Amino acid sequence: DRSVSRGLGDVYKRQSHNFVFRNVNSGHFLDVYNNETKNGTNILQYVFNGGNNQQWQITHVGEGLVKIRTRLNTNCVLDIDRSKNNNGTKVQLWNYEGNKNQKFKIVQRYRGEYVIYANTSNFTKCLSVKDGSKNYGEIVHQWEYTGARERWTINRVITTTNVTHRDGFQILNVNVGISGWFYFIPPENGYYYIETVGGKDTILKVTDFDAGKLLVTADDNGGYGGNEKVYRYLTANKRYRIDVSYTDTMASGKVGVTIY
């Protein structure tokens with residue numbers, strides 16, 4: 001049993017922590033439609049935008065189950081429409097009432113990849129992107145497990161400028177002509193992926209801060225939502241500065257960065 005208690009550790013119990021859910025198949029993020037909080041609001045996948053509608057809190061509710069609450073509203077959670085257990089049932093936002101259809105079990109399927117099983121189906125159905133679509137704006141519903149469309153990476157949003165562990169998610173404000181940045185202090189020697197998400201035509205730079213040496217620059221993917229990714233050996237306890245900027249010096253917006 002690789003449930004949330006093992007896969008995500010104890011951080012899900014701390015209600016001050018926010019998480020982002022990224023679909024493994026599409027690379028898009030779990031999103032509340034149009035920032036709405038009324039009962040019945042659709043849940044979908046969308047390109048990263050850094051908004052509260054893409055940030056979630058995971059709270060333990062007993063028996064290995066959790067509720068998943070949007071950062072938009074303290075009382076709005078993921079909900080399986082009318083407690084149905086058939087494939088294709090809508091996943092929506094609803095005021096928390098403590099019912100079975102608002103409780104989930106998060107199970108680690110592979111390293112860093114999780115399946116979100118619905119309690120109302122006795123854990124035979126899970127959160128899935130309709131038709132396995134890679135289009136942003138596609139709805140999220142429940143379906144029996146088939147593969148990558150039902151798997152999600154779940155990363156805790158980090159708000160400090162010093163990151164000291166893998167799998168955190170930093171949201172940077174990249175302003176006109178000014179890069180967003182933070183320090184990464186690796187917990188151990190090894191190779192790390194450093195990846196940006198969202199934005200348009202971003203540039204990613206990794207610098208050995210203590211040595212004052214630029215190690216790598218990535219700026220070749222482009223396109224809205226295009227990611228930059230580098231794979232680099234980093235030394236434990238050294239300080240590396242991660243910088244993100246736009247090729248268009250007049251552009252601004254939010255860009256996500258994850259290290260794994």
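Heads up: numbering here begins at 1 and tracks the sequence. In this text the structure is predicted, and so the values were computed from the model without any measurement.
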Are a donor atom and an acceptor atom from the side chains of [X] and [Y] found within less than 3.5 Å of each other?
X: T196; Y: E228; result: no
X: S128; Y: E150; result: yes
X: N85; Y: T120; result: no
X: K90; Y: N42; result: yes

Between [X] and [Y], is the gap from one ring center to the other below 6.0 Å?
X: Y183; Y: W181; result: yes
X: F209; Y: Y240; result: no
X: Y192; Y: F184; result: yes

cation_pi(K229, Y193) dist<6.0 Å, angle<=45: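 Positive - K229 is close enough to the ring of Y193 and near enough to its axis.
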Parallel, tilted or perpendicular: rings of W56 and F21 (30°, 60°):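 Correct class here is perpendicular.
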Parallel, tilted or perpendicular, as decided by the 30° and 60° cut-offs, for the rings of W143 and H141: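 Judged by the thresholds at 30° and 60°, the geometry between H141 and W143 is parallel.
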Exceeds 12 heavy-atom contacts within 6.0 angstrom, atom OH of Y233: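 Counting other residues, nucleotides and ligands, OH of Y233 exceeds 12 neighbours.
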K100, NZ atom: more than 12 neighbouring heavy atoms under 6.0 Å: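 Enclosed.
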Residue pair E195, T258: steps toward the side-chain hydrogen bond (donor to acceptor under 3.5 Å, both in side chains) verdict: CA-CA 5 Å; E195 181 182 4; T258 185; over 6 Å; no
